[in-house]
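Working notes, beginning with the structure itself.
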Amino acid sequence: MRPAALASEVVVWSGLVAATVASWWIASTLGAGYRLVFPAVIAVAFVKMWLVGRYFMELREAPALLRRLFDCWIVIFGLATVLLAAL
Amino acid sequence: MPDRELPLFVRTDVRHEFGRAVASHGAARAGHIPGEPGLWVFILGDLSLFGAFFVGFLVMRLQERALFEQSARSLEPLIGGVNTIVLLTSSLLVVLAVRAVRRMRKRARRGLLLGALACALTFIVLKVHEYSRVIASGHQPDDNTFFIFYFTLTGIHLLHVAIGAVALTATAARRHVAIPFAEGVAVYWHMVDMLWIVLFALLYLEPVG
(Lines give C-alpha, C1' and ligand atoms only; values in the text may rest on other atoms or scores of the structure.)
Protein backbone atom coordinates (compact mmCIF):
# COMPACT_ATOMS: atom_id res chain seq x y z
CA MET A 1 0.00 0.00 0.00
CA ARG A 2 1.55 3.30 -1.06
CA PRO A 3 1.60 5.54 2.05
CA ALA A 4 1.08 8.66 -0.10
CA ALA A 5 -2.03 7.18 -1.73
CA LEU A 6 -3.44 6.12 1.63
CA ALA A 7 -2.72 9.56 3.05
CA SER A 8 -4.71 11.26 0.28
CA GLU A 9 -7.87 9.34 1.23
CA VAL A 10 -7.39 10.15 4.91
CA VAL A 11 -6.93 13.83 3.99
CA VAL A 12 -10.14 13.72 1.92
CA TRP A 13 -12.00 12.05 4.81
CA SER A 14 -10.73 14.75 7.22
CA GLY A 15 -11.89 17.46 4.81
CA LEU A 16 -15.31 15.83 4.49
CA VAL A 17 -15.73 15.60 8.28
CA ALA A 18 -14.54 19.22 8.70
CA ALA A 19 -17.01 20.39 6.01
CA THR A 20 -19.82 18.48 7.77
CA VAL A 21 -19.07 20.08 11.14
CA ALA A 22 -18.61 23.54 9.58
CA SER A 23 -21.93 23.34 7.66
CA TRP A 24 -23.73 22.16 10.77
CA TRP A 25 -22.16 24.94 12.93
CA ILE A 26 -22.92 27.70 10.41
CA ALA A 27 -26.52 26.54 9.87
CA SER A 28 -27.19 26.33 13.62
CA THR A 29 -25.40 29.58 14.51
CA LEU A 30 -26.63 31.92 11.80
CA GLY A 31 -30.32 32.63 11.94
CA ALA A 32 -32.92 32.39 9.21
CA GLY A 33 -32.07 36.00 8.31
CA TYR A 34 -29.06 34.77 6.34
CA ARG A 35 -30.79 33.52 3.22
CA LEU A 36 -27.62 32.41 1.45
CA VAL A 37 -26.62 29.98 4.18
CA PHE A 38 -28.99 27.21 3.02
CA PRO A 39 -27.92 27.24 -0.67
CA ALA A 40 -24.26 27.50 0.43
CA VAL A 41 -24.63 24.46 2.70
CA ILE A 42 -26.21 22.52 -0.19
CA ALA A 43 -23.41 23.59 -2.55
CA VAL A 44 -20.88 22.27 0.00
CA ALA A 45 -22.85 18.98 0.13
CA PHE A 46 -22.49 18.54 -3.66
CA VAL A 47 -18.75 19.28 -3.46
CA LYS A 48 -18.55 16.60 -0.75
CA MET A 49 -20.41 14.17 -3.03
CA TRP A 50 -17.98 14.91 -5.84
CA LEU A 51 -15.01 14.24 -3.53
CA VAL A 52 -16.54 10.90 -2.41
CA GLY A 53 -17.00 9.94 -6.08
CA ARG A 54 -13.56 11.03 -7.18
CA TYR A 55 -11.48 9.66 -4.30
CA PHE A 56 -13.53 6.92 -2.59
CA MET A 57 -15.29 5.50 -5.67
CA GLU A 58 -11.97 5.89 -7.54
CA LEU A 59 -13.61 7.78 -10.40
CA ARG A 60 -10.42 9.77 -10.88
CA GLU A 61 -8.98 6.58 -12.38
CA ALA A 62 -12.13 5.69 -14.36
CA PRO A 63 -12.66 6.10 -18.12
CA ALA A 64 -13.36 9.68 -19.20
CA LEU A 65 -16.97 8.89 -20.18
CA LEU A 66 -17.89 7.61 -16.71
CA ARG A 67 -16.06 10.48 -15.04
CA ARG A 68 -17.88 13.02 -17.22
CA LEU A 69 -21.29 11.42 -16.63
CA PHE A 70 -20.73 11.70 -12.90
CA ASP A 71 -19.43 15.29 -13.17
CA CYS A 72 -22.50 16.20 -15.28
CA TRP A 73 -24.81 14.69 -12.65
CA ILE A 74 -23.12 16.77 -9.93
CA VAL A 75 -23.33 19.98 -12.00
CA ILE A 76 -26.97 19.50 -13.14
CA PHE A 77 -28.47 18.46 -9.79
CA GLY A 78 -26.08 20.67 -7.81
CA LEU A 79 -27.06 23.81 -9.77
CA ALA A 80 -30.78 22.94 -9.72
CA THR A 81 -30.90 22.37 -5.96
CA VAL A 82 -28.65 25.33 -5.05
CA LEU A 83 -30.75 27.70 -7.21
CA LEU A 84 -34.03 26.37 -5.81
CA ALA A 85 -32.69 26.68 -2.25
CA ALA A 86 -31.65 30.29 -2.96
CA LEU A 87 -35.12 31.36 -4.15
CA MET B 1 -6.16 -22.19 4.45
CA PRO B 2 -5.05 -18.61 3.71
CA ASP B 3 -5.83 -17.21 0.24
CA ARG B 4 -2.22 -17.09 -0.81
CA GLU B 5 -1.76 -20.84 -0.29
CA LEU B 6 -4.39 -21.71 -2.90
CA PRO B 7 -3.22 -22.88 -6.33
CA LEU B 8 -2.90 -19.99 -8.76
CA PHE B 9 -5.62 -21.24 -11.14
CA VAL B 10 -8.37 -20.97 -8.46
CA ARG B 11 -7.29 -17.56 -7.23
CA THR B 12 -9.54 -15.16 -9.07
CA ASP B 13 -7.78 -12.23 -7.41
CA VAL B 14 -4.37 -13.01 -8.86
CA ARG B 15 -5.13 -12.08 -12.46
CA HIS B 16 -6.58 -8.80 -11.30
CA GLU B 17 -3.69 -8.21 -8.98
CA PHE B 18 -1.22 -8.86 -11.78
CA GLY B 19 -3.32 -6.75 -14.14
CA ARG B 20 -3.25 -3.93 -11.65
CA ALA B 21 0.46 -4.29 -11.07
CA VAL B 22 1.15 -4.26 -14.81
CA ALA B 23 -1.11 -1.30 -15.30
CA SER B 24 0.45 0.68 -12.48
CA HIS B 25 3.93 0.04 -13.88
CA GLY B 26 2.77 1.58 -17.10
CA ALA B 27 1.27 4.49 -15.12
CA ALA B 28 -2.00 3.59 -16.83
CA ARG B 29 -4.49 2.90 -14.06
CA ALA B 30 -6.68 5.50 -15.77
CA GLY B 31 -9.46 3.71 -17.58
CA HIS B 32 -10.36 1.24 -14.84
CA ILE B 33 -14.11 0.98 -14.18
CA PRO B 34 -14.66 0.31 -10.45
CA GLY B 35 -16.93 -2.75 -10.12
CA GLU B 36 -18.68 -3.67 -13.35
CA PRO B 37 -20.04 -1.39 -16.11
CA GLY B 38 -23.64 -2.57 -15.57
CA LEU B 39 -23.51 -1.52 -11.93
CA TRP B 40 -22.97 2.08 -13.01
CA VAL B 41 -26.30 2.13 -14.88
CA PHE B 42 -27.95 1.36 -11.54
CA ILE B 43 -25.76 3.82 -9.59
CA LEU B 44 -26.38 6.77 -11.95
CA GLY B 45 -30.08 5.81 -12.22
CA ASP B 46 -30.50 5.63 -8.45
CA LEU B 47 -28.64 8.92 -7.99
CA SER B 48 -30.92 10.55 -10.59
CA LEU B 49 -34.05 9.23 -8.88
CA PHE B 50 -32.90 10.77 -5.60
CA GLY B 51 -31.83 13.91 -7.51
CA ALA B 52 -35.42 14.29 -8.78
CA PHE B 53 -36.68 13.87 -5.20
CA PHE B 54 -34.24 16.60 -4.02
CA VAL B 55 -35.60 18.97 -6.67
CA GLY B 56 -39.21 18.01 -5.79
CA PHE B 57 -38.56 18.65 -2.10
CA LEU B 58 -37.20 22.15 -2.81
CA VAL B 59 -40.04 23.00 -5.23
CA MET B 60 -42.61 22.05 -2.56
CA ARG B 61 -40.61 24.04 0.00
CA LEU B 62 -41.08 27.17 -2.14
CA GLN B 63 -44.84 26.69 -1.95
CA GLU B 64 -44.99 25.94 1.79
CA ARG B 65 -41.91 27.68 3.13
CA ALA B 66 -43.20 28.44 6.64
CA LEU B 67 -44.42 24.87 7.09
CA PHE B 68 -41.08 23.43 5.93
CA GLU B 69 -39.07 25.70 8.24
CA GLN B 70 -41.29 24.92 11.20
CA SER B 71 -41.28 21.17 10.52
CA ALA B 72 -37.49 21.05 10.10
CA ARG B 73 -37.19 22.34 13.69
CA SER B 74 -38.58 19.01 14.93
CA LEU B 75 -35.46 17.25 13.63
CA GLU B 76 -32.29 17.08 15.69
CA PRO B 77 -29.27 18.16 13.55
CA LEU B 78 -26.97 16.45 16.06
CA ILE B 79 -28.34 13.00 15.12
CA GLY B 80 -28.14 13.79 11.39
CA GLY B 81 -24.62 15.20 11.76
CA VAL B 82 -23.30 12.27 13.77
CA ASN B 83 -24.84 9.90 11.21
CA THR B 84 -23.06 11.80 8.41
CA ILE B 85 -19.70 11.37 10.14
CA VAL B 86 -20.50 7.70 10.85
CA LEU B 87 -21.16 7.05 7.12
CA LEU B 88 -18.09 9.04 6.01
CA THR B 89 -15.98 6.91 8.37
CA SER B 90 -17.55 3.71 7.04
CA SER B 91 -16.69 4.85 3.51
CA LEU B 92 -13.04 5.34 4.43
CA LEU B 93 -12.97 1.84 5.99
CA VAL B 94 -14.47 0.41 2.78
CA VAL B 95 -11.80 2.18 0.68
CA LEU B 96 -9.15 0.51 2.85
CA ALA B 97 -10.99 -2.84 2.63
CA VAL B 98 -10.85 -2.72 -1.20
CA ARG B 99 -7.10 -2.12 -0.90
CA ALA B 100 -6.88 -5.16 1.40
CA VAL B 101 -8.76 -7.30 -1.17
CA ARG B 102 -6.34 -6.21 -3.91
CA ARG B 103 -3.41 -7.12 -1.68
CA MET B 104 -5.09 -10.41 -0.65
CA ARG B 105 -5.02 -9.52 3.03
CA LYS B 106 -7.98 -11.47 4.28
CA ARG B 107 -7.76 -10.53 7.95
CA ALA B 108 -7.42 -6.84 7.17
CA ARG B 109 -10.33 -7.08 4.71
CA ARG B 110 -12.55 -8.71 7.33
CA GLY B 111 -11.58 -6.32 10.12
CA LEU B 112 -12.15 -3.22 7.98
CA LEU B 113 -15.49 -4.47 6.63
CA LEU B 114 -16.70 -5.37 10.12
CA GLY B 115 -15.76 -1.83 11.16
CA ALA B 116 -17.82 -0.46 8.26
CA LEU B 117 -20.68 -2.80 9.24
CA ALA B 118 -20.56 -1.47 12.82
CA CYS B 119 -20.93 2.05 11.34
CA ALA B 120 -23.92 0.90 9.25
CA LEU B 121 -25.60 -0.59 12.33
CA THR B 122 -24.89 2.60 14.32
CA PHE B 123 -26.56 4.60 11.54
CA ILE B 124 -29.64 2.33 11.64
CA VAL B 125 -29.93 2.51 15.45
CA LEU B 126 -29.66 6.33 15.43
CA LYS B 127 -32.20 6.58 12.61
CA VAL B 128 -34.73 4.39 14.42
CA HIS B 129 -34.16 6.50 17.56
CA GLU B 130 -34.82 9.63 15.50
CA TYR B 131 -38.00 8.19 13.97
CA SER B 132 -39.37 7.34 17.43
CA ARG B 133 -38.41 10.83 18.63
CA VAL B 134 -40.17 12.54 15.71
CA ILE B 135 -43.29 10.38 16.07
CA ALA B 136 -43.31 10.95 19.86
CA SER B 137 -43.29 14.71 19.20
CA GLY B 138 -46.60 14.25 17.40
CA HIS B 139 -45.55 14.04 13.74
CA GLN B 140 -46.85 11.13 11.66
CA PRO B 141 -45.43 10.17 8.26
CA ASP B 142 -48.50 11.71 6.59
CA ASP B 143 -48.54 14.80 8.83
CA ASN B 144 -47.66 17.33 6.12
CA THR B 145 -45.63 17.65 2.89
CA PHE B 146 -42.33 18.06 4.77
CA PHE B 147 -42.82 14.87 6.79
CA ILE B 148 -44.02 12.90 3.75
CA PHE B 149 -40.69 13.82 2.09
CA TYR B 150 -38.74 13.25 5.31
CA PHE B 151 -40.09 9.74 5.95
CA THR B 152 -40.05 8.71 2.26
CA LEU B 153 -36.51 9.92 1.51
CA THR B 154 -34.91 8.75 4.76
CA GLY B 155 -36.93 5.50 4.61
CA ILE B 156 -35.73 4.62 1.09
CA HIS B 157 -32.21 5.64 2.12
CA LEU B 158 -32.44 3.45 5.23
CA LEU B 159 -33.43 0.52 2.99
CA HIS B 160 -30.26 1.22 0.97
CA VAL B 161 -28.23 1.19 4.21
CA ALA B 162 -29.77 -2.16 5.23
CA ILE B 163 -29.00 -3.70 1.79
CA GLY B 164 -25.48 -2.29 2.05
CA ALA B 165 -25.06 -3.83 5.51
CA VAL B 166 -25.96 -7.26 4.08
CA ALA B 167 -23.49 -6.73 1.20
CA LEU B 168 -20.72 -5.68 3.62
CA THR B 169 -21.42 -8.77 5.75
CA ALA B 170 -21.28 -11.04 2.69
CA THR B 171 -18.01 -9.45 1.55
CA ALA B 172 -16.51 -9.88 5.02
CA ALA B 173 -17.74 -13.46 5.44
CA ARG B 174 -16.65 -14.88 2.07
CA ARG B 175 -13.46 -16.89 2.06
CA HIS B 176 -12.45 -15.46 -1.29
CA VAL B 177 -13.54 -12.17 -2.75
CA ALA B 178 -12.99 -11.24 -6.39
CA ILE B 179 -11.77 -7.68 -6.84
CA PRO B 180 -14.68 -6.55 -9.09
CA PHE B 181 -17.16 -7.84 -6.48
CA ALA B 182 -15.44 -5.92 -3.67
CA GLU B 183 -15.27 -2.80 -5.85
CA GLY B 184 -18.98 -3.11 -6.69
CA VAL B 185 -19.99 -3.36 -3.04
CA ALA B 186 -17.71 -0.40 -2.27
CA VAL B 187 -19.19 1.76 -5.05
CA TYR B 188 -22.72 0.98 -3.82
CA TRP B 189 -21.75 1.83 -0.24
CA HIS B 190 -20.15 5.14 -1.27
CA MET B 191 -23.38 6.00 -3.13
CA VAL B 192 -25.34 5.41 0.11
CA ASP B 193 -22.88 7.78 1.83
CA MET B 194 -23.26 10.40 -0.96
CA LEU B 195 -27.05 10.40 -0.80
CA TRP B 196 -27.00 10.95 2.94
CA ILE B 197 -24.58 13.89 2.57
CA VAL B 198 -27.23 15.76 0.53
CA LEU B 199 -30.19 14.53 2.63
CA PHE B 200 -28.46 15.87 5.75
CA ALA B 201 -28.07 19.34 4.19
CA LEU B 202 -31.60 19.41 2.75
CA LEU B 203 -33.55 18.16 5.76
CA TYR B 204 -31.51 19.26 8.77
CA LEU B 205 -29.49 22.33 7.86
CA GLU B 206 -32.02 24.97 6.93
CA PRO B 207 -31.19 27.83 9.33
CA VAL B 208 -34.09 28.57 11.64
CA GLY B 209 -34.67 31.98 13.18
Side-chain angles (χ1 to χ4, degrees), chain A residues 1-2 5-6 9-10 12-14 16-17 19-21 23-35 37-38 41-53 55-67 69-70 72-74 76-78 80-85 87, chain B residues 23-24 28-35 37 40 43-44 47-48 50-52 54-55 57-59 61-62 65 69 77-78 80-82 84-85 88-89 91-92 94-96 98-100 102-103 105 108 183 186-187 189-191 193-195 197-202 204-209:
Chain A
M1 195 178 295
R2 290 174 297 146
L6 176 61
E9 270 90 26
V10 174
V12 169
W13 175 83
S14 309
L16 291 167
V17 171
T20 302
V21 175
S23 301
W24 176 7
W25 183 78
I26 287 169
S28 59
T29 313
L30 298 180
Y34 297 87
R35 291 197 56 181
V37 169
F38 190 46
V41 159
I42 290 175
V44 169
F46 275 87
V47 172
K48 285 161 72 182
M49 268 189 102
W50 184 77
L51 287 170
V52 169
Y55 289 92
F56 290 178
M57 282 181 168
E58 301 183 333
L59 281 172
R60 64 183 162 156
E61 294 173 352
L65 174 65
L66 184 55
R67 242 178 20 235
L69 277 173
F70 179 71
C72 282
W73 189 96
I74 293 284
I76 291 167
F77 285 98
T81 46
V82 168
L83 288 175
L84 282 168
L87 288 176
Chain B
S24 59
R29 273 276 278 163
H32 172 71
I33 297 178
W40 282 93
I43 295 288
L44 291 170
L47 283 175
S48 300
F50 268 91
F54 299 157
V55 170
F57 173 84
L58 289 167
V59 168
R61 171 182 164 274
L62 289 177
R65 192 185 287 265
E69 285 178 4
L78 182 67
V82 168
T84 308
I85 292 169
L88 286 172
T89 305
S91 265
L92 180 64
V94 167
V95 167
L96 299 179
V98 170
R99 295 257 172 95
R102 287 179 183 145
R103 307 198 137 247
R105 291 185 177 158
E183 287 178 349
V187 164
W189 189 252
H190 297 316
M191 180 194 71
D193 184 11
M194 278 180 173
L195 292 172
I197 287 171
V198 179
L199 284 175
F200 173 55
L202 277 181
Y204 298 78
L205 294 186
E206 174 148 20
V208 288

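To find a chain, count down the sequence lines: A is the first, B the second, and so on, and within it residues start at 1. Only heavy atoms go into these numbers, but all of them, side chains included; no hydrogens, no water, no symmetry mates.
Between A/Pro63 and B/His32 the shortest heavy-atom distance is CD-O, 3.7 Å. Closest approach of B/Leu92 and A/Glu9 over heavy atoms only: CD1-O, 3.8 Å. Scanning both residues, A/Glu58 and B/Pro34, for their nearest heavy atoms gives O-CG, 4.1 Å. Nearest heavy-atom pair across A/Met57 and B/Ile43 is CE-CG2, 4.4 Å. The two residues B/Leu47 and A/Phe70 come nearest to each other via the heavy atoms CD1-CE1, 4.4 Å. Minimum heavy-atom separation, B/Gly81 to A/Thr20: O-CG2, 4.3 Å.
Residues A/Val21 and B/Ile85 are in side-chain contact: their nearest non-hydrogen atoms beyond the backbone lie under 4.5 Å apart.
Note on ring orientation: taking the six-membered ring where Trp is involved, the planes of A/Trp24 and B/Phe200 are perpendicular (angle over 60°, cut-offs 30° and 60°).
Distance check, rounded to the nearest 0.5 Å: NE2 of B/His190 to CE of A/Met49 gives 13.0 Å. Here the OG1-CH2 distance, from B/Thr89 to A/Trp13, works out to 5.0 Å after rounding to the nearest 0.5 Å.
Between chain A and the options B/Val187, B/Asp193, B/Ile197, the largest number of non-hydrogen pairs under 4.5 Å is found for B/Ile197. If you tally non-hydrogen atom pairs under 4.5 Å between each of B/Ser48, B/Ala52, B/Gly35 and chain A, the highest count goes to B/Ser48. Counting heavy-atom pairs closer than 4.5 Å to chain B, the top-ranked of the candidates A/Leu66, A/Ile42, A/Leu16 is A/Leu66.
In this structure, A/Phe38 has no ring pair (Phe, Tyr, Trp, His ring centres under 6.0 Å) partners at least two apart in sequence or on a different chain. In terms of the ring pair (Phe, Tyr, Trp, His ring centres under 6.0 Å) criterion, residue partners of A/Phe77 (sequence neighbours excluded) are, by chain and number, A/Trp73.
With a threshold of 4.5 angstrom between heavy atoms, B/Val95 approaches chain A through side-chain atoms but not through N, CA, C or O. In this structure, chain B has a heavy atom under 4.5 Å from the side chain of A/Ala80, while its backbone stays farther away. Contacts of B/Leu205 with chain A are made by both backbone and side-chain atoms, with heavy-atom separations under 4.5 Å.
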